[in-house]
Amino acid sequence: MQIKQATAADLDVVCRFYQDVCAQQQNDEYGADWHWGVYPSQELLAARIENGMVVEGLVNGQVASVGVLTAGEDPNYRRAEWTELVPDPQITVLHLFAVSKDFRGRGLAQQMLRELAKFAKDKGYAVMHLDVMKGNVPAERAYLNSGFCFAGELVLHYEDIGDTSARMYERKL
């Protein structure tokens with residue numbers, strides 16, 4: 001897998017990736033409950049790309065995986081029981097991590113998660129946080145196998161799906 005930071009020229013490809021992921025969700029037993037146009041949206045992705053925080057994983061030139069990072073702690077995460085206590089500017093949060101259905105079952109999730117951790121560390125972050133919807137066993141397994149540690153459960157409010165039980169994970173970088 002080749003890893004690259006997305007640029008403005010990649011916006012259409014990244015948007016199509018997430019449109020496909022959102023469309024596929026109805027066929028997945030597990031997974032996020034994202035709604036294209038609400039979360040994620042073209043505007044959100046364009047802003048994250050402009051900030052240099054969207055990372056693509058490519059296999060033979062095709063986008064196989066994408067992760068979106070944000071700088072600083074997510075305000076909804078402040079109640080979590082984090083063990084790595086670092087100043088806010090040293091925290092990055094992983095959002096919208098997905099592997100295309102066409103590339104699942106190849107170990108790409110763990111490879112991409114390791115690359116995202118390296119990318120974030122190279123940008124000066126000390127810890128990465130994320131949440132996963134309760135019951136998404138494959139995602140939790142991938143996070144644990146990639147060096148993340150469980151940090152408790154919270155009820156988080158999402159604009160597109162409302163209040164949802166989430167399991168919190170962190171990784172020291």
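Across all non-hydrogen atoms, the minimal contact from L94 to L130 is O-CB, 3.7 Å. Between C15 and Q42, the shortest heavy-atom contact is SG-CG, 3.8 Å. The heavy-atom pair separating Y125 from L173 by the smallest distance is O-CD1, 3.6 Å. Residues G67 and Y18 approach most closely at N-OH, 4.1 Å, considering heavy atoms. A pairwise comparison of heavy atoms in F17 and A98 identifies CZ-O, 3.5 Å as the closest pair.
Using a cutoff of 4.0 Å between basic side-chain nitrogens and carboxylate oxygens, E73 and R78 are not scored as salt-bridged. Between D20 and K101 there is no salt bridge, since no side-chain N of the basic residue sits under 4.0 Å from a carboxylate O of the acidic one. Under 4.0 Å is where a charged nitrogen must lie from a carboxylate oxygen, and between D10 and R16 no such pair does.
Contact annotation: the side chain of R48 approaches that of T70 to within less than 4.5 Å [non-hydrogen atoms, C-beta and beyond].
Hydrophobic clustering (ILVMFWY, side-chain heavy atoms < 4.5 Å, transitive): V155 and W82 are in distinct clusters.
Remark: E84 engages V127, E170, K172 in a side chain to side chain contact (heavy atoms under 4.5 Å, CB included) (not counting sequence neighbours). Residues passing the salt bridge (charged side-chain N to carboxylate O under 4.0 Å, His left out) test with K123: none are found, sequence neighbours excluded.
Counting only N and O atoms by type, the side chains of Y169 and D131 include no donor and acceptor under 3.5 Å apart.
Using a 30° and 60° split on the angle between ring planes, F97 and Y143 fall in the tilted class, from 30° to 60°.
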Can you give me every donor-acceptor pair (side chain of residues 105-120, partner residue at least two apart or in another chain, under 3.5 Å) with its distance?
residue, atom, partner, partner atom, Å
R106, NH2, D102, O, 3.4
K118, NZ, D122, OD2, 3.2

